[in-house]
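Step one of this worksheet: look at the structure below.
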Amino acid sequence: MACLSLIEAKALQKALSGWVSLRTSVFAKNLRTVGGVDCAYATIKGRPRVFACAVVLSFPMLELLEEAFHARPVTFPYIPGYLSFRELPSMLGTLTKLKIVPDVLFVSGQGVAHPRGLGIASHLGVVAGLATIGIAKKPLFGLFQAPSLEAGSVSALTHPDDGSVIGFVVRAKTNVKPLYVSPGHRMDAETAVSIALQCVQKTKLPVPLHLADRLADRLKKALQRATGPDSVECLEPNPVEYVLAKNPWLNLLDP
DNA sequence: GCGACAG
DNA sequence: ATCTTGTCGC
């Protein structure tokens, strides 16, 4: 899937969208673990890399249980509507490294709130067979009215044609830009919002995604220092860099 | 034809 | 996504 034409990519999305289920899985109805996956970019030794970071937390305690990451070469440009062809490979590689498969996985980006009903959260859900929820910071597809400014207020995201509900615009924190939440796979829109809000604490992003974000930042900085003009032996004894030292960057540089 | 457009 | 200084608010 790394070298498809846009015509082929579009055809694949239309075909895979037929496999998306909007019925909440039994695992998601009895949540015990929630995960989050997010991507970041870094040019290492002159070579562009996209890496995905994933975390798994307990629910509803939201205590960190596991972290993982995986990098791949960048093989597809960023084109609105085709994000999965750029970031899915690294995300799948990361999920493969997790010992604990989360009951529900939050994915940065849209779920079914997509032109062809297959945002990256849905694409990932179908390919991995997981219950997923798409969480985006910006809208991509669908009509909506801005939700009121109080935390917890929501507004429906509807399909331009059907008028059907494809997700919700959610005000996770008072006076803060809303999130665009849509079911990815094995999940319904209402439950997606419910779970997302139950995972929000101090930041507008659900904790799983917030932690995946921070892990990506720390990892990126560690990589830049480890592969910068200077030395290669300057790793600090913190969790992330311990992982780096333990897993030769070869896995990150030449996957 | 013009504007919009996840990360 | 990424770059990038200061600034506002809990």
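Side-chain atoms are counted along with the backbone in the values below, which use heavy atoms only and exclude waters and symmetry mates. Here is how names work: the chains are called A, B, and so on, in the same order as the sequence lines, proteins then strands, and each is numbered from 1.
A:Y41 comes within 4.0 angstrom of the backbone, heavy atoms only, and of no base. Counting any heavy atom pair closer than 4.0 Å across all strands shown, A:G81 reaches a base atom.
In this structure, the side chain of A:R171 engages the main chain of A:P147 through a donor-acceptor pair within 3.5 Å. No donor-acceptor pair under 3.5 Å is formed between the side chain of A:S122 and the backbone N or O of A:H185.
Between the CZ atom of A:F141 and the C1' atom of B:dA6 there is a distance of 13 Å, given to the nearest Å. Between the CG atom of A:L149 and the P atom of C:dG9 there is a distance of 16 Å, given to the nearest Å. Whole-Å rounding puts the A:Q110 CD to C:dA1 P distance at 13 Å. With rounding to whole Å, A:I166 atom CD1 is found 13 Å from B:dA6 atom C1'. Distance A:K221 NZ to C:dT4 P: 12 Å, rounded to the nearest Å. Straight-line distance from the CE atom of A:M91 to the P atom of B:dA6: 15 Å, rounded to whole Å. At whole-Å resolution of the value, CZ in A:R86 and P in B:dC5 are 19 Å apart. Going from atom OH of A:Y78 over to atom C1' of C:dT2 covers 13 Å, rounded to whole Å.
Look at A:K220 and you'll find a side-chain N or O under 4.0 angstrom from OP1 or OP2 of C:dT2. Contact check, A:K202 against C:dC10: no side-chain N or O comes under 4.0 Å of OP1 or OP2.
Checking A:S17 against A:Q13 by side-chain atom types alone, no donor-acceptor pair falls below 3.5 Å. Using modelled atom types, one finds a donor on one side chain and an acceptor on the other under 3.5 Å when comparing A:Y41 with A:E87.
A cation-pi arrangement is absent between A:R116 and A:F141 under the rule of less than 6.0 angstrom and at most 45 degrees off the ring axis.
A stacking contact between A:Y180 and B:dA6 is absent: the pair does not combine a ring-centre distance of less than 5.5 Å to the base's six-membered ring with planes differing by less than 30°.
Nearest nucleotide to the A:A40 side chain, out of B:dG7, B:dC5, C:dT2: C:dT2.
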